[in-house]
Structure formats: structure tokens, C-alpha cells
Amino acid sequence: MRYKLVIFDWDGTLMDSVPRIVSAMHNAAVSCQLAPVSAQSVKSIIGMSLPQAVDTLYPSHSMLHAQLIDAYKHHYQSSTIATPLFDGAKSVMQSLKRRGYKIAIATGKGRPGLDCLLNETGLDQYVDLSRSSDETDSKPSPDMLNQLLNEANVCVSQAVMVGDTTIDLKMAQAINMDRIGVSFGVCRAQELLPYHPIVVIDELQQLLEYV
């Protein structure tokens, strides 16, 4: 085994939730009487904690940040846009577990949302440990990765980060953790390559060839 711990991002890596996130942020801005930012701008903050994301998108409207956060949560939860797991998410985790790997999640989602989704998707039976944005410093700080390494009792050379954004790869690069990009989420391969991933994969099943 090349690694002992495989760490996955959630949104855009395991779950096809990017359209729902973009829609919810757009609707939150409208409900707060703010001009919505572009879809690309919203995509650029996916992975950050919600407070940091709102601050990044609307830095000159700090008085509305709490209202924006509440509105975003409302519109995300009430959205009818489907958020399926990407093809291969469950089967890849099953294969990793059979091979003896530990599996972790490092996400910009809050703990209540992550726990709910792990249970709903059935991935909770494969995930050994996880960190959410309300438990650590926001990505791209490597804080959540360091916490996961400590909890799993593995060194950085024994772990690999799998993510779809430059934020994910930058987080891993900060502590010299190996990283694998996925091209089917927020960022395309050419956006991820400057962060020197081992590889950028086009489907999750390919991950098994590199870990």
C-alpha cells in the first residue's frame, strides 16, 4: 500500500452539488437585496467555510454577512436541484476499505450537513474520520489535514488528498501531502496542474490505479 489514509473533499469530488451551491448563493444574494456574483465567482469559494466564502464574495457588505449565511442555508436546504453522488463514489470507497485503507473527509461543509449526507448516502459505513469547516480553520489552511493525520496516527507521507478545487490542492501542498485532482467538479485539469498533483483523474474509478 502506497498510503494508509485517503482523504476526500466532498462537494464536487464525491457529490455533484456544485449547481445547487451556485443557485443557493445566487438566491441568497437576491433575498438580501444584493447583486448576485457570477457563477464562476461562487465556484471559486467552494470548499471554504461559509463565513469565509461570504466574506470573500461580499467583502464590503459585512453587516449583511449573517443574513446572507442564513439565507444561503435556507435556499440550499429548500432547493430541488438534485445532488447525486458521482459515479463510482461508493464502489471506490468499498474497494479502498477492502484493501485496508482508512478513509477521511475534509470538507467546507458544516458538521450537521456532513453527518446528514454521510447517513443519507450510506457513505458513513466507509468513512473512518472527518473534519468540517466549523471544527477547523477554513481551507486552504491545512489545519483540518493536520488534525486528520493526528487522529489517524499517520504521517503526511502516508496520506493523499483527493479534491476538485485549487483550494483543496493548495491545502495539501502547504504540508507537502500528495494530492490527486479530479476534473469533473469545479476546476478543470489545467487549473489544477499548477499545484503539482500526482495525477488529475476524469472519473473516480481511476483513483484505484494511483493509491
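FYI, the numbering just counts along the sequence from 1.
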Problem - Lys97 with Asp128: basic N within carboxylate O range, under 4.0 Å - result: yes

Handout entry: Note, His74 side chain near Ser78 side chain (heavy atom, < 4.5 Å)
Key = yes

Only pairs under 3.5 Å count here: list side-chain donor-acceptor contacts from residues 99-106, not counting sequence neighbours, and write none if there are none.
unit_1	atom_1	unit_2	atom_2	d
Arg99	NH1	Leu208	O	3.4
Tyr101	OH	Val211	O	2.5
Lys102	NZ	Ala152	O	3.0

Practice task
Could you give me the CA-CA distance, side-chain angles and deciding distance for Trp10 and Ile46, then say whether side chain to side chain contact (heavy atoms under 4.5 Å, CB included) is met?
Solution key: CA-CA 10 Å; Trp10 187 270; Ile46 292 175; over 6 Å; no

Fill in the blank from the handout: Nearest heavy-atom approach of Val30 to Pro36 is CG2-CG, 3.7 Å

Handout entry: side chain to side chain contact (heavy atoms under 4.5 Å, CB included) between Ile180 and Val200, worked out
Key = CA-CA 6 Å; Ile180 293 175; Val200 178; over 6 Å; no

Problem - Modelled atom types, side-chain donor and acceptor of Ser132 and Glu135, under 3.5 Å - result: yes

Problem - Donor-acceptor contact present, side-chain Thr56 to main-chain Gln52, <3.5 Å - result: yes

Handout entry: Side chain Arg20, main chain Ser79, donor-acceptor under 3.5 Å
Key = yes

Practice task
May I ask you to decide if Leu148's main-chain N or O and Arg131's side chain share a donor-acceptor pair within less than 3.5 Å?
Solution key: no

Problem - Distance-only donor-acceptor check, side chains Arg111 and Ser133, under 3.5 Å - result: no

Handout entry: Asp134 and Lys109 ion-paired at < 4.0 Å
Key = no

Handout entry: Side-chain donor or acceptor of Ser91 paired with backbone N/O of Gly88 under 3.5 Å
Key = yes

Handout entry: Electrostatic pair Arg179:Asp168 at N-O distance under 4.0 angstrom
Key = no

Exercise for the section: State yes or no: do Ile45 and Val37 share one hydrophobic cluster built from I, L, V, M, F, W and Y residues joined by side-chain heavy-atom distances below 4.5 Å, directly or via other members? Expected result: yes

Exercise for the section: State whether the side chain of Asn27 and the backbone N or O of Ser23 hold a donor-acceptor pair below 3.5 Å, judged by distance alone. Expected result: yes

Problem - Flag side-chain contact, heavy atom, 4.5 Å: Met161 against Val6 - result: no

Completion exercise
Nearest heavy-atom contact between Val22 and Ala39 is CG1-CB, 3.8 Å

Problem - Closest non-hydrogen atom pair, Ser183 against Arg188 - result: O-NH2, 2.6 Å

Handout entry: side chain to side chain contact (heavy atoms under 4.5 Å, CB included) between Thr13 and Phe184, intermediate numbers included
Key = CA-CA 8 Å; Thr13 300; Phe184 45 79; 5.5 Å; no

Handout entry: Atom CG of Asn150: over 12 foreign heavy atoms under 6.0 Å
Key = yes

Handout entry: pair Met93-Val127: side-chain heavy atoms closer than 4.5 Å
Key = yes

Problem - Straight-line distance of Gln125 CD to Leu123 CG, nearest 0.5 Å - result: 8.0 Å

Handout entry: Gln33 atom CD, neighbour heavy-atom count above 12 within 6.0 Å
Key = no

Practice task
Report whether Leu118 and Leu129 are members of the same hydrophobic cluster (ILVMFWY, side-chain heavy atoms less than 4.5 Å apart, transitive linking).
Solution key: no

Practice task
Check whether any side-chain heavy atom of Ser17 lies under 4.5 Å from a side-chain heavy atom of Tyr76, and answer yes or no.
Solution key: yes

Handout entry: Donor-acceptor side-chain pairing of Arg98 and Ser95 below 3.5 angstrom
Key = yes

Fill in the blank from the handout: dist Met144:CE -> Asn146:CG (nearest 0.5 Å) comes out at 11.0 Å

Fill in the blank from the handout: Value for CG (Leu145) from CD (Gln173), rounded to nearest 0.5 Å, stands at 12.5 Å

Exercise for the section: Kindly indicate whether the side chain of Leu50, heavy atoms from C-beta on, has any atom under 4.5 Å from the side chain of Leu68. Expected result: no

Practice task
For residues Lys139 and Met171, determine if any side-chain heavy atom of one lies less than 4.5 Å from a side-chain heavy atom of the other.
Solution key: yes

Exercise for the section: With rounding to the nearest 0.5 Å, note down the distance linking CZ in Phe86 to CG in Leu14. Expected result: 8.5 Å

Practice task
Establish, from distance only, whether the side-chain atoms of Glu191 and Thr166 form a donor-acceptor pair under 3.5 Å.
Solution key: no

Exercise for the section: Could you tell me the separation between the CG atom of Asn176 and the OG atom of Ser157, rounded to the nearest 0.5 Å? Expected result: 10.5 Å

Handout entry: In one Ile/Leu/Val/Met/Phe/Trp/Tyr side-chain cluster, 4.5 Å: Met25, Met15
Key = no

Practice task
Determine, step by step, whether Leu64 and Val54 satisfy the side chain to side chain contact (heavy atoms under 4.5 Å, CB included) criterion, reporting the C-alpha distance in whole Å, the side-chain angles of both residues, the deciding distance to 0.1 Å, and the verdict.
Solution key: CA-CA 9 Å; Leu64 290 174; Val54 167; over 6 Å; no

Handout entry: Atom pair NE2/CD of His61 and Gln67 - distance to nearest 0.5 Å
Key = 11.5 Å

Practice task
State, with a plain yes or no, whether a side-chain heavy atom of Val160 is found less than 4.5 Å away from one of Tyr210.
Solution key: no

Exercise for the section: Indicate yes or no for a side-chain donor-acceptor contact from Ser49 to the backbone of Gly108 under 3.5 Å, with no hydrogens or angles considered. Expected result: no

Problem - Nearest atoms (heavy-atom pairs only) where Leu204 meets Val92 - result: O-CG2, 3.5 Å

Problem - Side-chain donor/acceptor of Asp55 to backbone N/O of Pro51, under 3.5 Å - result: no

Problem - Minimum side-chain heavy-atom gap Ile167-Lys170 below 4.5 Å - result: no

Problem - Val156-Ile7 co-clustered via ILVMFWY side chain contacts under 4.5 Å - result: yes

Handout entry: Over 12 non-hydrogen atoms of neighbours within 6.0 angstrom of CG in Asp87
Key = no

Problem - Shared hydrophobic cluster, Ile81 / Leu85 (ILVMFWY, side-chain heavy atoms < 4.5 Å) - result: no

Handout entry: Asp143 (side chain) donor-acceptor with Asp137 (main chain) under 3.5 angstrom
Key = yes

Handout entry: Considering all heavy atoms, the nearest Leu149-Cys155 contact
Key = CD2-O, 3.9 Å

Exercise for the section: Examine the side chains of Ser38 and Ser41 and answer whether a donor and an acceptor come within less than 3.5 Å of each other. Expected result: yes

Problem - For Asp164, the option from Val182, Asp11, Leu169 that meets side chain to side chain contact (heavy atoms under 4.5 Å, CB included) - result: Val182

